[in-house]
Structures are given as structure tokens and as C-alpha cells.
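Working notes for the structure below.
Computed from heavy atoms alone, side chains included, the values below leave out hydrogens, waters and symmetry copies. Remember, it's a predicted structure, so these values are computed and weren't measured experimentally. The residues of the chain are indexed from 1 along the displayed sequence. Ligands are counted one by one from 1 in listed order, and the atoms in each one are counted from 1 as well.
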Amino acid sequence: MSDAPSVLFIGDVIGSIGRKALRAALPALREEHRPTFVVVNGENAAGGVGITSKIAEDLFSQGVDAITLGNHSFRQREVWSYLDEVKEIVRPANYLPSMPGHGSCVVERDGIKLGVLNVMGNLYLDPGRQMFTLAEAEVEKLLRQGCDHILIDVHAEATSEKVAMGWEFDGRVTAVVGTHTHVPTADARVLPKGTAYITDVGMCGPRDSVIGVKKELAIEAMRTKLPVRFEPSERDPWLCAVLIRAGEKPLSAVSIQPIQVSPLLY
Ligand SMILES: [Fe+2]
Ligand SMILES: [Fe+2]
């Protein structure tokens, strides 16, 4: 019998150092964990804000199956038409319907269909529509498309909203994983009804930073309250991810393992 499917989900890739870290680490992670699917949050991949079509293509060329986004989805205007055209890149489903792109996709490997859904929290972020109701509608849509497994990337600021999403979808999807804060949380677990959950996966970016930004600039902004032009740090990359092993039953997981590695780039 073949192994149960698994998903390697990598948190927010930040700037060129995050992309280099991903490129450096992914082959070894594949070799070690043999994931069926690789899903990456790419909302900070272009210089820390947004993603371009070229960067997305580069991620897909490395065998990434799907890219999720977040509050920086539309920062690079060039990518808007790409978001409409390419199925495997998703932005939060609860953005306005008039905005470019779509909120979910289905990818298939080894005869297994994985639904990937991106939603964004309503606390301290402004997606335009309510997260829970839109997530519900999108999950139903993915089930109608015959998904064996579903992963939800909850891109949110507040831990409370992410925890609530975990409970709300426990037993109804394979995994609920949080992104956006760039700091990994220590609460990865399989919830009682079989859904893998973590409040925040963490980032694939510079650890020598304030959540990706050069720390001197972030501290200056906090101390002075004056405008400071933020730049992504280029120092001390680390890659934060989770490996989710699915269960025999559809829409269930047996384990979620946090992975944090510091690839040597130079
Ligand atoms: Fe982010
Ligand atoms: Fe974000």
C-alpha cells in the first residue's frame, strides 16, 4: 500500500533571501520527507511585499504545487492578470469578488486531489468580507470538486481568529495552518476530530530582522514614530514549515510536524 499523502507547507517567503533559502533547502526537505504536495505562502516574496509573475513561475518551476498569499497580494500591479489566469496561485477568498484572482484551487498528484484555500482574518486586517462564511462556502465548493484533502491557509493577525478557525473546521478539512505573523507558534497538533492545526507556521526569511524587516529600521520607526522606509533584511535565513501527514480517511490528518531549518546559502 502506498504511503498516505502528505503536504509540506512553507510559511511566508520573504524577499530574495527567503527565495534563496527555499531554493537551498527544498531539495533536501523533499528527499527527507517525500511530501506529496508542496504549498508555499508567497505574499512577501517580491522584496518583502507581494509577488510577481516571474517569482511565482520560479516557485512553480521548483515543483511547488500551489502558492497562497495574504494582505500583500496586490502590491505588485504586474501580477494582477497572472492571479486571474493561473489556477494554482490563490489570494484570500474573502477579498471582494471584484478584485483580481481567486481564493482556492485544486491540485492533483498520485491520483490525490488537494484543495488549497486561502482566507484572511477580519481583526486588524481588511479583506472586505467575513472570513468564516466565505471559508465555509469555499470548502463546500472544494468538496463538490472532489477533493480528498483540503488545506486552509488562514492569513491573520490575531491568534484568537486562527484558533477559532481551527475549531470551526476541525473534522471538516485536513489542515488549518496560520500565516502572516512570521513568527512560528508552538501549538502544532491534530485537533480532536482529525484536523491538523498550527496558529502560525512562521516565515522563510531573515531571522536577523523584525519579522523580515531590517531590525534597525523597524526599531527606529517604533522609537521615533516617524516614517521610515522599510527594507527586508538579508541576514540569517531560516525556513519554517510544517509537514502534515494525511489520514486514511479523507479530510483527516494523523500528524503535523513543525520544521525549522537554517540553510547555508553562501
Ligand atoms: Fe507575510
Ligand atoms: Fe501578511
Side-chain angles (χ1 to χ4, degrees), residues 9-22 38-52 55-56 58-59 64 66-77 79-80 83 89-96 99-101 103-104 116-129 131 134-135 151-163 165 176-185 198-215 217-218 221 230-242 258-260:
F9 180 90
I10 297 163
D12 308 37
V13 174
I14 300 187
S16 61
I17 193 171
R19 303 198 312 269
K20 280 184 206 161
L22 179 68
V38 176
V39 181
V40 172
N41 183 298
E43 74 141 3
N44 306 104
V49 283
I51 191 165
T52 63
I55 291 172
D58 180 55
L59 295 177
V64 168
I67 299 171
T68 56
L69 297 169
N71 53 306
H72 294 300
S73 298
F74 308 117
R75 289 291 285 268
Q76 309 289 333
R77 213 181 165 93
V79 84
W80 292 8
L83 296 180
I89 183 165
V90 296
R91 48 73 166 169
N94 52 330
Y95 268 133
L96 300 177
M99 295 166 95
S104 67
V116 177
L117 167 60
N118 193 194
V119 290
M120 191 155 82
N122 297 104
L123 287 170
Y124 317 120
L125 291 171
D126 186 18
R129 293 190 291 169
M131 175 166 65
L134 262 292
L151 174 140
I152 306 180
D153 172 352
V154 182
H155 197 81
E157 191 80 48
T159 51
S160 57
E161 263 190 324
K162 298 186 201 179
V163 171
M165 278 289 290
V176 174
V177 296
T179 57
H180 177 69
T181 72
H182 299 182
V183 177
T185 56
I198 187 168
T199 298
D200 207 293
V201 174
M203 66 177 165
C204 177
R207 189 161 36 175
D208 186 322
S209 73
V210 174
I211 62 171
V213 172
K214 282 182 179 168
K215 59 184 186 290
L217 302 178
F230 282 175
E231 294 167 22
S233 163
E234 293 287 324
R235 295 194 295 247
D236 189 19
W238 74 333
L239 179 151
C240 300
V242 286
I259 294 169
Q260 287 143 19

(message) Evaluate Thr179 against Asp153 for side-chain hydrogen bond (donor to acceptor under 3.5 Å, both in side chains), listing each step before the verdict.
(response) CA-CA 7 Å; Thr179 57; Asp153 172 352; 2.7 Å; yes

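Under a 3.5 Å cut-off, the side chain of Glu161 and the backbone N or O of Leu123 do form a donor-acceptor pair. In terms of modelled atom types and a separation under 3.5 Å, the side chain of Asp12 and the main chain of Ile14 share no donor-acceptor contact.
Side-chain N/O atoms of His180 and Asn71 include a donor and acceptor closer than 3.5 Å.
A tilted orientation is assigned to the rings of Tyr95 and Phe74, their planes being inclined by 30° to 60°.
Ordered by chain and number, Glu43 OE2, Asn71 OD1, His155 NE2, His180 ND1 make up the set of protein N, O or S atoms under 2.8 Å of the Fe ion (ligand 2).
If you run side chain to side chain contact (heavy atoms under 4.5 Å, CB included) between Pro127 and each of Met120, Arg91, Met99, His155, only Met120 comes through.
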